[in-house]
Protein chains: 2
Amino acid sequence: MTMNIGDVSRRSGLPAKTIRYYEEIGLIRPARSPNGYRSFRESDLHRLAFLGRARALGFTIEECRALLALYQDDGRESAQVKQIAEGHLARIDEKIAQLQSMRATLAHLVSCCAGDDRPDCPILDDLSAGTGNCHGG
Amino acid sequence: MTMNIGDVSRRSGLPAKTIRYYEEIGLIRPARSPNGYRSFRESDLHRLAFLGRARALGFTIEECRALLALYQDDGRESAQVKQIAEGHLARIDEKIAQLQSMRATLAHLVSCCAGDDRPDCPILDDLSAGTGNCHGG
DNA sequence: CTTGACCCTCCAGTGACTGGAGGCCCTATC
DNA sequence: GATAGGGCCTCCAGTCACTGGAGGGTCAAG
């Protein structure tokens, strides 16, 4: 009927530690067996799976909390959900842009570095001087 | 001749807190004035600028430590530097791929959501069921 | 002599877990 | 009845790279 933490861990793919943590911060409220063990129902598992997917999409814990609340709320407006998702999407785009900028600089420096047994290194030169370019420039 | 922390902060662009932290973890070793203030030389500032640029490229603190050590080491081989940079580049590529995958899923879901005052929401449907698709395919 | 800007140390918090110590519960086996 | 094992519990500490704040000393100007 109900499951122990190991069962929901296997079925949700979330580590038991993470599930305990989610309870601690109030994302789930599993019942307790007389022996003190957490006792999960299917609805708890469903909630955990929801959380696992939302986290896998990169939503923060607080966004997950908000999404869960909207999910439970029959009077929600889909605009509220969309707003959270769009905000997150914008954050992702920012991060991608930042990483791509790093990547470009770094790839250029790497391509300039001989990578042999001599000490000359355009990577260190750039970090040292901040010129931002090497021979291939 | 020497600078206080506020000066190097302005000239390096790093917050004073960060500079103190870098000292605490042994990345820099500024001298001290009789009054207890940190007393930075140009060489300290140079080191901090190096750190700032390396961090801006996303290197971890430990990688920065290794890069600084190589920078100081006349007997280095550029291959050592290149290896660190290539490792970091690979990590960046991984992160970009992961973010782009998230982005694709999320953008699709967002495009499927009406974002109006009705409760129906393909984003929540997906998080709830994990189907990974909505009407638009 | 006071104001204000600057500097100091130490402690706590961030996000989202993760690892580990120390100990209880339950089933199976000898 | 003792023991071995696996699973569960709580609580504390650590991760990464800072960041914020309390509480207090230092210094130049007016």
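So that the names make sense, note that chain A is the first sequence line, chain B the second, and so on, each numbered from 1.
Nearest-nucleotide mapping onto DNA chain D: of A:Gly6 and B:Tyr21, the residue sitting toward the 5' end is A:Gly6.
Salt bridge annotation for A:Arg65-A:Glu62: present, with a cationic side-chain nitrogen under 4.0 angstrom from a carboxylate oxygen. Under 4.0 Å is where a charged nitrogen must lie from a carboxylate oxygen, and between A:Asp116 and A:Arg118 at least one such pair does. Using a 4.0 Å cut-off between charged side-chain N and carboxylate O, B:Arg55 and B:Glu63 make no salt bridge.
Non-hydrogen atoms lying under 4.0 Å from DNA chain C are contributed by B:Gly36, B:Tyr37, B:Arg38, all within residues 35-66 of chain B.
Taking atom CE of B:Met3 as the reference point, atom P of C:dC7 lies 12 Å away to the nearest angstrom. Rounded to a whole Å, the CD atom of B:Glu23 is 8 Å from the P atom of C:dC8. Across the protein-nucleic acid pair, B:Asp7 atom CG and C:dA5 atom P stand 16 Å apart, rounded to whole Å. As rounded to whole Å, 13 Å separates atom C1' of D:dC16 from atom CD of B:Glu24. Taking atom NE2 of residue A:His88 and atom P of nucleotide C:dG15, one finds them 16 Å apart after rounding to whole Å. In this structure, B:Ile5 places its CD1 atom 14 Å from C1' of D:dT19, rounding to the nearest Å. Taking atom CG of B:Asn4 as the reference point, atom C1' of C:dA5 lies 12 Å away to the nearest angstrom. Protein atom OH of A:Tyr22 is 8 Å distant from nucleotide atom P of C:dA16, rounded to whole Å.
Exactly one residue among B:Arg38, B:Arg41, B:Glu42 makes a side chain to side chain contact (heavy atoms under 4.5 Å, CB included) with B:Met3. That residue is B:Glu42.
At the phosphate of D:dA17, neither OP1 nor OP2 sits under 4.0 Å from any side-chain N or O atom of B:Arg20. Between B:Thr18 and the phosphate of D:dT19, there is a side-chain N or O to OP1/OP2 separation shorter than 4.0 Å.
The listed nucleotides are D:dT19, C:dC17, C:dC8; the one nearest the side chain of B:Lys17 is D:dT19.
Heavy atoms of other residues, nucleotides or ligands lying less than 6.0 angstrom from CZ of B:Arg29 number 12 at most. For B:Gln83, the CD atom sits in a loose shell: 12 or fewer heavy atoms of surrounding residues, nucleotides or ligands are nearer than 6.0 Å.
Separation of atoms CD1 (A:Ile92) and CZ (B:Arg103) is listed at 8.0 Å; rounding is to 0.5 Å.
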